[in-house]
K.L.:
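Take this structure first; my questions come after.
In this chain, numbering begins with 1 at the start of the sequence shown. Atom set for the values below is all heavy atoms of this structure, side chains included, hydrogens, waters and symmetry mates excluded. Order of appearance sets the numbers: ligands from 1, and atoms from 1 within every ligand.
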Amino acid sequence: MKIRLRRTNESDLDFVLGAEQSAENRIFVGAWTREQHRVAFDAKDLSHLIIETIEGKPVGYVILAGLADTNESIEFRRIVVTEKNQGYGKQALRQIKKLAFEELKAHRLWLDVKEENARARHIYKAEGFVAEGVLRDCLKIENGYESLFVMSMLRDEYESRFINKQPSLRIAAPEDAEEIAAVLAESFAEHESSYTAKAYAATVPTVDEIKQRFGEEKIWVALSSDEIVGTVSIIDKNKALYIRSMAILPEARGNRIGERLLKEIENYAVACNYQKLSLNTTPFLKRAIRLYKKFGFVRRGAGDLFGTPLLTMEKSLKSAAKFKREMKK
Ligand SMILES: CC(C)(COP(=O)(O)OP(=O)(O)OC[C@H]1O[C@@H](n2cnc3c(N)ncnc32)[C@H](O)[C@@H]1OP(=O)(O)O)[C@@H](O)C(=O)NCCC(=O)NCCS
């Protein structure tokens with residue numbers, strides 16, 4: 001399930017304190033009082049964030065420190081995930097790196113982690129943090145001492161590994177259903193008020209509805225840093241290939257992913273001898289219509305989906321198929 005980060009507020013404090021003080025977490029992270037957390041909300045040098053699912057359920061929190069550091073070195077001070085081993089920690093880390101390097105313009109993002117915290121060290125390493133060294137026996141505990149590993153990532157390491165990379169495209173599998181549903185929900189959310197409730201529900205299918213589609217549809221996904229950022233699906237309609245559920249996450253737009261997904265479908269359609277591509281959209285999805293027109297789709301008619309206006313668009317593939325046949329000769 002996908003997550004997002006938002007600012008922590010007063011009403012989250014019970015959740016934060018509960019997570020921090022629980023037996024499974026307090027051995028690995030420091031503990032603050034309610035007042036220390038509250039002060040952190042407004043501190044210029046800190047960022048206190050809740051990790052929540054797309055449905056708004058809190059599943060953890062994060063504290064960043066050193067936002068005003070003159071060395072541009074931001075400390076990833078604390079992370080606690082309450083529902084472990086579900087991928088929330090890794091996803092949160094990806095968003096934190098993006099926030100630190102792309103929005104807060106950090107040069108270095110660093111953290112310390114207890115030597116025996118194998119799970120945390122595993123995700124930090126997997127997400128590209130480099131071990132800098134060990135602060136040996138630096139923490140006094142009841143029965144002795146503990147050591148801390150210091151790990152960091154530098155801007156150029158982040159940039160070379162995580163950005164400016166063309167997303168890859170692949171055919172989706174049923175295990176992707178949850179992420180695909182989340183991408184559709186996030187991508188259409190800004191237009192929800194333009195749809196009738198029934199039409200919106202049909203546009204943003206549930207995970208189970210997506211799973212059911214796998215029998216009769218072919219679904220593509222676009223991946224960036226291993227996360228699904230775009231999707232599109234096709235259904236066979238005799239001589240036409242019908243395209244639906246095309247969506248690119250807002251933050252991934254502007255990278256020609258939509259065009260690449262359409263090209264992928266067109267290649268598939270030509271190879272399978274389809275004569276046209278067709279799709280339905282709505283007049284208020286202006287960005288999508290611009291893309292379809294640029295790709296050669298033309299308006300063919302209008303309709304209605306549960307009270308929301310529909311627009312049918314088509315692209316003839318006859319000439320493309322002919323060209324392909326001639327090239328083969
Ligand atoms: C550390 C923490 C933030 C990770 O969050 P999470 O949501 O559980 O992590 P994810 O589900 O994204 O990833 C867990 C990964 O750890 C691996 N893992 C689980 N237990 C492990 C262990 N004992 N040793 C090594 N790796 C382990 C999982 O296999 C998975 O890796 P994979 O996706 O490569 O298979 C969370 O477990 C937590 O809150 N722990 C307590 C507080 C804490 O330690 N904070 C960090 C302080 S520095």
Side-chain angles (χ1 to χ4, degrees), residues 1-6 8 12-33 36-37 40 46-66 73-100 106 108-141 145-153 161-162 173 175-176 178-179 182 223-229:
M1 200 180 288
K2 277 184 82 74
I3 55 102
R4 63 185 167 213
L5 301 179
R6 64 158 171 83
T8 313
D12 299 309
L13 273 176
D14 286 342
F15 168 78
V16 168
L17 289 167
E20 189 164 280
Q21 288 162 9
S22 80
E24 57 177 353
N25 297 328
R26 68 172 180 246
I27 48 170
F28 294 127
V29 294
W32 278 359
T33 62
Q36 280 175 302
H37 278 289
L46 297 172
S47 187
H48 201 304
L49 303 163
I50 290 289
I51 307 169
E52 67 177 15
T53 63
I54 299 301
E55 290 77 32
K57 182 183 170 211
V59 291
Y61 73 93
V62 168
I63 301 172
L64 298 182
S73 189
I74 291 183
E75 180 189 354
F76 180 18
R77 167 96 38 106
R78 196 168 303 169
I79 176 168
V80 174
V81 169
T82 48
E83 296 179 27
K84 300 189 184 10
N85 287 332
Q86 298 191 37
Y88 294 138
K90 275 191 177 174
Q91 282 189 61
L93 265 184
R94 285 173 197 162
Q95 295 194 22
I96 288 154
K97 286 185 296 190
K98 200 167 163 54
L99 175 70
R108 175 173 178 266
L109 179 64
W110 72 277
L111 59 90
D112 57 46
V113 51
K114 289 189 180 177
E115 198 171 7
E116 45 286 307
N117 194 349
R119 178 162 42 199
R121 283 177 53 199
H122 173 87
I123 63 167
Y124 298 147
K125 190 166 177 242
E127 286 303 308
F129 282 84
V130 175
E132 289 187 340
V134 188
L135 303 176
R136 295 181 303 155
D137 283 359
C138 63
L139 299 174
K140 181 154 173 48
I141 54 163
Y145 299 90
E146 280 182 326
S147 302
L148 283 177
F149 264 68
V150 178
M151 301 182 85
S152 71
M153 180 178 287
R161 186 161 163 192
F162 297 100
E175 304 83 78
D176 297 317
E178 207 169 321
E179 261 196 272
L223 293 113
S224 175
S225 309
D226 289 339
E227 284 195 59
I228 297 180
V229 296

K.L.:
Report the residues that fulfil side chain to side chain donor-acceptor pair (under 3.5 Å) with E227, sequence neighbours left out, ordered by chain and then residue number.
P.N.:
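Per chain and number, E227 pairs via side chain to side chain donor-acceptor pair (under 3.5 Å) with K2.
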K.L.:
Could you check whether any side-chain heavy atom of Y88 comes within less than 4.5 Å of a side-chain heavy atom of T53, counting everything from C-beta outward?
P.N.:
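Yes - at least one pair of side-chain heavy atoms lies under 4.5 Å apart.
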K.L.:
Is a salt bridge present between E127 and K90, judged by a nitrogen-to-oxygen distance below 4.0 Å?
P.N.:
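Looking at E127 and K90, the cut-off is not met.
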K.L.:
For ligand 1, would you mind listing the residues that have at least one heavy atom less than 4.0 Å away, ordered by chain and number?
P.N.:
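Ligand 1 is contacted, at a heavy-atom distance under 4.0 Å, by N25, F28, V29, I79, V80, V81, K84, N85, Q86, G87, Y88, G89, K90, D112, V113, N117, A118, R119, A120, H122, I123, Y124.
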K.L.:
About how many Å separate CD1 of I79 and CD1 of I51, when rounded to the nearest 0.5 Å?
P.N.:
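Taking CD1 in I51 and CD1 in I79, the distance rounds to 4.0 Å.
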K.L.:
Please check if atom NZ in K57 has more than 12 non-hydrogen atoms from other residues, nucleotides or ligands closer than 6.0 Å.
P.N.:
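Not buried by this count: 12 neighbours or fewer within 6.0 Å.
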K.L.:
Under 30°, 30 to 60°, or over 60°: which ring-plane class applies to Y61 and H48, parallel, tilted or perpendicular?
P.N.:
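Parallel.
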